[in-house]
Structure formats: structure tokens, C-alpha cells
Amino acid sequence: MGVSGVEERYNFHQIEEQARKRWAEGEIYRVPDFSERPKYYCLEMFPYPSGKLHMGHVRNYAIGDVVARFKTMRGYDVLHPMGWDAFGLPAENAAIKHGVPPAEWTWNNIAAMREQLKLLGVSYDWSREVATCHPGYYRWTQWLFLLFYKHGLAYKRKAPVNWCPSCATVLANEQVVAGECERCKTEVQRKELEQWFFKITDYADRLLQDLNKLPGWPDKVKMMQENWIGRSSGGEIEFPIVGREDQITVFTTRPDTLFGVTYMVLAPEHPLVPSLTSPERWPEVEQFIQRARSLSELDRTVGEAEKEGLLLGSYCLNPLTGEEVPIMIANYVLLEYGTGCVMGVPAHDQRDFEFARKYHLPIRVVIQPKGEALDSDTMAEAYPGEGYLVNSGSFNGLKKREAIPAINAYLNEQGLGRAKVAYRLRDWLISRQRYWGAPIPIVYCDHCGAVPVPDEDLPVLLPENVSFKPTGQSPLVEAPEFVHTKCPSCGGAARRETDTMDTFMCSSWYYFRYTSPRNENGPWDLDKVDRWMAVDQYIGGVEHAILHLMYSRFFTKVLFDLKLTKVEEPFTNLLTQGMVLKDGTKMSKSKGNVVSPEEILNRYGADTTRLFVLFAAPPERDLEWSDQGVEGCFRFLTRVWRLVTPLAGTVAKAPTVAPEGLVGVNREMRRLTHLTIKKVTEDVETRFNFNTAISAIMEMVNGMYHYSARVAEPDQEPAVRREAVENLIRLLAPFAPFMADELWGRTGHTGSVHKEAWPEYRPDLLVEDQATVVVQVNGKVRDRIVVSAQASDEAVKQMAMEQSRVQSLLEGKTVVKVVVVPKKLVNIVVK
RNA sequence: GCCGAAGUGGCGGAACUGGCAGACGCACUGGACUCAAAAUCCAGCGGGGUAACACCCGUGGGGGUUCGACUCCCCCCUUCGGCACCA
């Protein structure tokens, strides 16, 4: 690395513009559908086209791009596509506010964001771009809806649903966070509405079980899905109703406490309630039901809501004892879980305990813990733990663990119950009362009922010239030419479904579509999906841990069952990247701490911007924005520029193969080059620790500067220099693709560095001939010695003991033990 | 309440399998270059202590295992995230 002459400034504007042009003209990021090379599918969560890239996007796409570029250099065909999650409320709200039609607003935003992504230099195959709001895309979203419908996985029913008054639409359970709309934080209300659902509960167990097949997912995300699915195993038990032929079926996880039941309690909305209420109690009961209905989910479930209940005046029989048990309703029982009723076992369930104390219901102990005597009169709280059955007839003496299967088996024999699993997960509500979404392709006919739109009539197009004002009904209701149609079955007058689909439907299958983005004969080409799926690496924010990621898993399992894919899980490896923070908190307009990518790109260029977000923290951790940190990355790139550009000409002419048996600084320089290749390769490939990979490259650059400072130019081995420079450029390529490509050209290469092979290191060149060994006495570092790499443990030990520092510490003591770790340390233990 | 993750200099972070704590970067300090500044280059940079060494302390706190612990085990504290009347 020689003395530079006239320095040329690092003009990133020019470099990046020229590279963008070259890349576009050469179509270097286009990936073939099929080839001999192994495939790798690298995917980042596609964005909502808000019109502006934010730092979170920059981070997400920079991470994905490193993976994609690295894998390409490693010899894979990398599918790395981009698209737009383009339906949704903001477009409609913008339309209402500014009078621009949602379609126009959305397409303009897409154009703007596409340009920003191109500025960032992400290696997308733009020929595969998809937008969920394009009729050529949502045609297949509708097709998939009908596929689900035909297989009994889509159904319409009246149910209590979550209603967001601000968004003027219903929400899925997953979109309600702590009783609030996850989008706008408005408290959700409960409404009884007839809505479309997807039967995700049919897949609850597989969604749970198959989490085990995802070792490449973060435990955190798997845990969140596990919590959300909320599997509990127990049994269903029949309690005959006194004076009637029918019975109440109850779900419980504790069949072992069946002898401790002292009351039965139903959800207020339970269908049996009216017939179980005695006439004189009805007015009071009806009032109670009304009150429970009107309360929001939030009021009813969050916090220390007081438990309230009422006797209905009827009784059922404990199936094991024949004992009469009063039937009640209570606000703490949820209609949608289990069977909508609870057997009250106050001695062993805290909620039942509180309820029983309040209403003076009897408490009966049926589980006795070892070495303790529970007394129903004096106990201060329920005992839910382990113990032996008492007051339980022939089951007395069994352990809780043994009693559960024993009682289940007995009930099963008698036809009084059966083992059963319950889930917290509810079916996915997919109807939305808004305009900017894929219309649900169903027609209602007075004669034929709900009729699916025939496949050949898809897409059901969204009408234009519609008023978007949210009224609580879909704006499509106000579009007569849309609503009025013919029944596909009988040809008579009929009307269309006016609700649109949850946008999470559109995003549940887009990764399939990328494999065949323009296919018109089906949602995708099976051969292409088979080649590319599953996604090898998926990257995005953890906020989708449940919503998008669980829906996508559900879709994939349905598609697998219907033979439309051979994979059962869509995403083999998942990386959830951390947030970008400023001043310790999430960037937001209201806090005024937003850093605009546009501005940073303009001031420092894409390479610096990318480098900073990759260097400042490992990908899965939150990243604190630092203007000075960006400055530092810019400085580093400038340093690379000043190092390489003056050498470009001589590097191009130098021999490509370095001589063997080098000594001194030339040998050390080679060693550093190969050490860095090893470190960067391992950090990127096995750990995704881009921050440490970049610091290794920085150390290499520092080493190259030292090399040139310490070695007169004639003594530098040209081949060593060439090897260092070329590998530096290759290693830098995934992180700073523009500068790397520019320098690659300048050092005499004709093609793009992004078509180059990733460098390999030579293990034999990593070997050092000397090692610094730490000398400890009783575990404390007291000295260091330099030893030959070949020195025996015994020799190293001898040498360590001879050090004067060590000698003085050994004086008057006895050496108990000496531990030698080759090439690392000697620990002398003395007494 | 239940489940999970994380706590390391002034800051972002590193230490991968138990082996020199603080790589790399930022900030800061001193020096070189300059009329001067910026840029750049060189050096220093956990705390105490010393003229300089020595030495002592130090990875949220307390205990333990080990020749040796940021790393393993037990208890506790703090912060963040998920679930939360789910029978």
C-alpha cells in the first residue's frame, strides 16, 4: 500500500448512481426460475406502502440484503423479491382527507417507495414485484378464499365480535391488544354481527405441535404463539339437568376435582340460560345478561373486575354422586371458551373460591396435600396443587395425577364424559366493513342462499367512484352497480357480499406468489413453488409474531393439505429484528425524534447508511440511532476509499498468487487477510452478527494501513497486497455494495463484484509461529510470556515459573498445581 | 399473577466451547501537520492507587461449583416483552 499521489474524493453520489444504472441494465439481480444451482429463498416482510421508507424498513432490508448477497456469492440462486402489502385503512383515510382515490394514493406511494429502495441498493429481483391491491393479485386472494370455503374452512355466523368505533370495522381477536385496537388504540366494543370466519381452530393443534419443527425460529416467537393458542387438555363432563332430558356439558382441566363441585355456572349469553331460569327470576336474570352484553371485553376481563353471579333457580346432577347442584350465571364465564360453562370447585380454584365465599356457596375439599390438612371453613385461598383425593368415593387415595385419567376413563365408560382438549385460540374473523380490500367473492340469492362466485368470474373488482365515508357498513353497500348482480347458480337477481377481507389474508400467501408473480392460470405454478418454498430466511419485526406469522402458517398447512405445496411450514428460519430507537424510545412523529432515511441517504449515501444500521447492534437487538455513529461509518468508508483507490492500478497488474514461505510483515499481512475471511464468513453465515463482521473488516483495514506504514513499498509483496485488497472488496460487497462494486472495477475487473465467489480462507495461513501466554498465580494475571508455537506444555510451564515476577510471588509458598492451556495461559496454584 | 428475555466503561457494543474483561466504533484527552481551522495521521482512554511501577477493586446484588466464572448452579433486585377471570 503505497504513498498516494493526488487523492480523489469519495463521491458517493456519483458512484451510487452509476452502479444503479449498471445493475439495472445488466439485470444482475434477476434470478432464474430453474437452474442447476442450489436455491435459497431470502425474504423480508413486505411493507405497507405509506409512501416513505422509515429507519425500521432500512434496517430490515439492509439485513436481508446482506444475507441475499452473501448467499449469492456462496453459489446459490437467491430468490430475493419485494412487493407491497397495499390494501388497508390508511389509503381510505387519506382518500377521505384529501379527496384522492385510494388506488391512486396507493400506486403513487408504491412508486415513491420503490425509488427509495432502489436508492438503498437492495438486490431485489424487481421483475417479481407484487402488490396485493392489483386485480391480478387479489383475484387469487379471492380464489383462495373460495378454496377455503369449498373445503369448509370459511363460514359465516353471528357471533359477538370486536368492533373498533374509530376504524369503523370489526377486528380479529389477534388485532385486539389489552382491549384496544392494535392500530389506533381505541377501546373496542362488543357487537353481535353476522361475519365471515376462517376455521383456524381446526389447525390449532398442528400449529402448536409444528412449532417443534421450527428450530430456526426464536424461542420468544414460538412461546408467544404457544401462549396465544393456549392449549389445555382435560375432559368434557355431562351434568344431567334435573327434571329434563338434556344435560349441561362442561369443560374442565381438573376432572379429579369432580367430587368437589358445589355449583354450576354458565356464561350469561349461554343459549340454555333462558330455559333454565325460573319465571320469577327471569326479570333479574335478563337484566344481568343485558349488562354483561353491553360491557366491552376490556371492562369484563381486565383488572380486578368483581365477580358477580345469579342463581337461575334450577339444578343439575353431579354425574358421579348424583348430588343436586345449583345452576348459576356469572360474569367471569366466557361463552367462547370451552363449552361456555364452568363447574364450580371452590376449594381448588381461586376464582371459584372467591365466587363461593361471596355468595356463601359450600366449599368442599377433595384434594389433600401431603403433610397439611385443608379445612374448608378456614382456608384463605383455593388449593390448586398436588395431593391425594379425599371425599371422592372409590377414587380416594389417588394422586391428582393418577385421578385425572382414572376419572376420565370411568366417565367415558359410563358415557358421561370424554377426554377433551380446549384452546384459547378462536376462529379468525376476516370480514371488514371497509372499502380498500379484496371483496369477498360471495353472492347472496333468495333462492340459492350464499353462492360462491365461479372461478372464471374472478376477480370481483372493486368499483371506483365510491364514497369512502365510514358509516359502520361497508362503503360497497352504497355502490348499487356492485351490489346488484345475477346469481351464478340460478341466474336470478342477487346481491354481492359487500364486506372486504382482512388484509392479513393478502399477506398470508404473498411469498408463494413471488415464485410465479404473473401466473394467470392459478395462484402459482406448482413446479416453481416446489423449487423455491419454503422461505429459507424470513426477516421482519417481532410485532408480527402472532398475527401475520400464525396466519401464514395456517395458510401453508391448508395449502399443504390441498396439495398446493409440499411444505408444511412456510418459513424455515426467522429473524426478528429489533426496533430503531432514538433517545432510548421508538421513533415517532409525536415525539419528534424521527430520523428520515431520505436525508441520511442524501447526506452520506446508501453504503454509509446501511453500514451504520448493520454495525451499531446485532440484528435482533434494538438499535440506538447515533448521528456520530453514522459519521464514524462514513469515515471508515472514506478510509477504505483512500486506501484502495491509489493502489488500484498496481493491484491490477500484480501477480494473483502469493509466493509460499513468506516471512515477517508480508506473512502477517497474509495471515490477517485469511483471518478476516474466516471471521467474516463465520459471523455472517452462522450467527448473523453483522456488527462483529464489520468490526473485523475494520481491523483488517487498520492492519493494511499499518502494513503500508511499516513496510517500505519495495519490500511489500505485490501479490500479498493484491490478495488483501481484492478480498477486502469481496468481504465488503454485501455490506457496502456500491463502493465495493466501484473499487472492483477500478482494480481491473470487468464484471460486478456481486457476481464473484465469496473468498475462502486457507487454514494453514492462520498458524502463528509465536504465542503470547498469560501467566497467572492463583488465578490472577501476573505476567505474559512469548513462546514458540511448538513449545511443549512442560517447557512453557518451566518458562513461566522462571519469570522474576512469578519467582517473587512463589517465595515461601508451595506450588500445589500448575494448569497449562496451550498457547493461552499458565496458572500456578500456590499455598 | 403466570411465562420469557436482558442487565458489561461516558455511549453503542465485543468476549463463539469456563481461560488476558472492555475487540471495533463513538465521545473525550494529548501530540504531529497547518498562519489558523477542518480533514487526516500518531498516542492515550474502566475505577482507585503510584513520580513511575507494584498493588487493590471491577461484568445488577448475594451465595456456590472450579486452578480459573461476564460465561455454569441457587437466591434476590431492576428493566423490557408476551399472556392474563381461558374453567
Side-chain angles (χ1 to χ4, degrees), chain A residues 7 177-178 218-228 230-232 234 250-254 257 265 267 300-307 330-334 336-345 348-352 354-355 422-426 542-543 545-546 581 611-612 615-618 620-633 635-636 638-639 642 679 682-683 686-687 689 691-699 701-702 705 709 772-784 805 808 816-830:
Chain A
E7 274 183 18
V177 177
D219 291 340
K220 179 169 78 164
V221 173
K222 288 190 273 190
M223 198 73 68
M224 283 164 76
Q225 293 207 358
E226 202 178 311
N227 280 340
W228 189 261
R231 180 186 203 270
S232 17
V250 72
F251 173 78
T252 178
T253 54
R254 296 292 304 274
T257 62
V265 57
R300 189 149 159 204
T301 59
V302 168
E304 299 297 300
E306 183 71 12
K307 287 174 184 44
N331 60 353
Y332 75 92
V333 181
L334 305 171
E336 298 279 307
Y337 184 77
T339 59
C341 44
V342 175
M343 60 181 215
V345 186
H348 304 293
D349 181 281
Q350 187 58 24
R351 290 157 308 188
D352 297 347
E354 285 165 28
F355 191 74
Y423 298 92
R424 212 192 67 99
L425 180 72
R426 313 281 161 83
V542 76
E543 65 274 15
I546 294 168
L581 311 177
L611 201 67
F612 172 73
F615 177 62
E620 64 281 359
R621 235 194 278 186
D622 286 350
L623 180 153
E624 174 70 25
W625 183 264
S626 157
D627 289 328
Q628 284 160 333
V630 177
E631 201 79 48
C633 289
R635 238 181 343 244
F636 167 70
T638 309
R639 213 165 128 77
R642 288 199 323 266
K679 170 80 177 154
E682 286 170 0
D683 281 355
T686 63
R687 308 198 304 163
N689 280 9
N691 55 331
T692 51
I694 292 167
S695 60
I697 298 173
M698 287 172 168
E699 285 181 82
V701 169
N702 290 343
Y705 268 98
T772 302
V773 169
V774 168
V775 182
Q776 297 183 333
V777 176
N778 284 346
K780 288 190 177 173
V781 180
R782 297 299 179 182
D783 211 342
R784 295 185 167 78
R805 192 85 138 278
S808 64
V816 183
K817 186 178 182 179
V818 180
V819 181
V820 180
V821 181
K823 292 185 209 172
K824 285 234 168 93
L825 113 177
V826 177
N827 188 12
I828 302 160
V829 187
V830 298

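Naming: A, B, ... by sequence-line order, numbering from 1 per chain.
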Between protein and nucleotides 67-71 of chain B, what N or O pairs are separated by less than 3.5 Å?
| unit_1 | atom_1 | unit_2 | atom_2 | d |
| --- | --- | --- | --- | --- |
| C67(B) | O2' | N827(A) | ND2 | 3.2 |
| C67(B) | O2 | N827(A) | ND2 | 2.6 |

Tell me: [atom1] of [X] to [atom2] of [N], nearest whole Å?
X	N	atom1	atom2	result
D622(A)	G7(B)	CG	C1'	14 Å
Y337(A)	A84(B)	OH	P	12 Å
N702(A)	C41(B)	CG	C1'	12 Å

Using the rule given for side-chain contact (heavy atoms from CB on, under 4.5 Å), can you reason through E620(A) versus V542(A), listing the C-alpha separation, both sets of side-chain angles and the distance that settles it, and then say yes or no? CA-CA 9 Å; E620(A) 64 281 359; V542(A) 76; over 6 Å; no
Run through RNA chain B and report every stem of 3 or more consecutive Watson-Crick or G-U pairs, distances under 3.5 Å, ordered by first number. B:1-7 with B:77-83, B:10-12 with B:24-26, B:28-32 with B:40-44, B:46-48 with B:55-57, B:60-64 with B:72-76
Base, sugar-phosphate, or nothing: which does [X] touch, judged by heavy atoms less than 4.0 Å apart?
X	answer
T686(A)	nothing
K220(A)	nothing
G632(A)	sugar-phosphate
D352(A)	nothing
S626(A)	nothing
R805(A)	sugar-phosphate
K823(A)	nothing
C341(A)	base
R784(A)	base

Any [X] side-chain nitrogen or oxygen under 4.0 Å from OP1 or OP2 of [N]:
X	N	result
R782(A)	C55(B)	yes
R621(A)	A14(B)	yes
N691(A)	A14(B)	yes
K780(A)	C57(B)	yes

So which atom in [X] and which in [Y] form the shortest heavy-atom distance, rounded to 0.1 Å?
X	Y	result
C341(A)	V250(A)	O-CG2, 3.4 Å
T253(A)	S232(A)	CG2-CB, 3.7 Å
I546(A)	M224(A)	CD1-O, 4.0 Å
N691(A)	F615(A)	CB-O, 3.3 Å
T257(A)	M343(A)	OG1-CE, 3.7 Å
F355(A)	K307(A)	CD1-CB, 4.0 Å

To the nearest 0.5 angstrom, please state how far the CG atom of N689(A) sits from the CD atom of E682(A). 11.5 Å
Which whole number of Å gives the distance between the [atom1] atom of [N] and that of [M]?
N	M	atom1	value
G7(B)	G22(B)	C1'	16 Å
G18(B)	G31(B)	C1'	42 Å
G44(B)	C24(B)	P	11 Å
G13(B)	C2(B)	C1'	33 Å
G61(B)	C11(B)	C1'	24 Å

Distances for protein N or O near nucleotides 27-29 of chain B N or O, under 3.5 Å:
| unit_1 | atom_1 | unit_2 | atom_2 | d |
| --- | --- | --- | --- | --- |
| A27(B) | OP2 | R635(A) | NH2 | 3.3 |

So do E226(A) and K222(A) actually touch side chain to side chain, heavy atoms under 4.5 Å? no
T692(A) and K679(A), any side-chain heavy atoms less than 4.5 Å apart: yes
D219(A), CG atom: more than 12 neighbouring heavy atoms under 6.0 Å: no
Between V777(A) and R805(A), does a side-chain contact (heavy atoms from CB on, under 4.5 Å) hold up when you go through it step by step? CA-CA 10 Å; V777(A) 176; R805(A) 192 85 138 278; over 6 Å; no
Taking for S695(A) and for R639(A) the nucleotide of RNA chain B with the nearest heavy atom, the one nearer the 5' end belongs to S695(A)
The answer to which of E354(A) and R687(A) contacts RNA chain B further toward the 5' end, by nearest nucleotide, is R687(A)
Enter syn or anti for the glycosidic conformation of G9(B), syn applying to angles within 90° of 0. syn
Less than 3.5 Å apart, any donor N or O on the side chain of N227(A) or R424(A) sitting next to an acceptor on the other? no
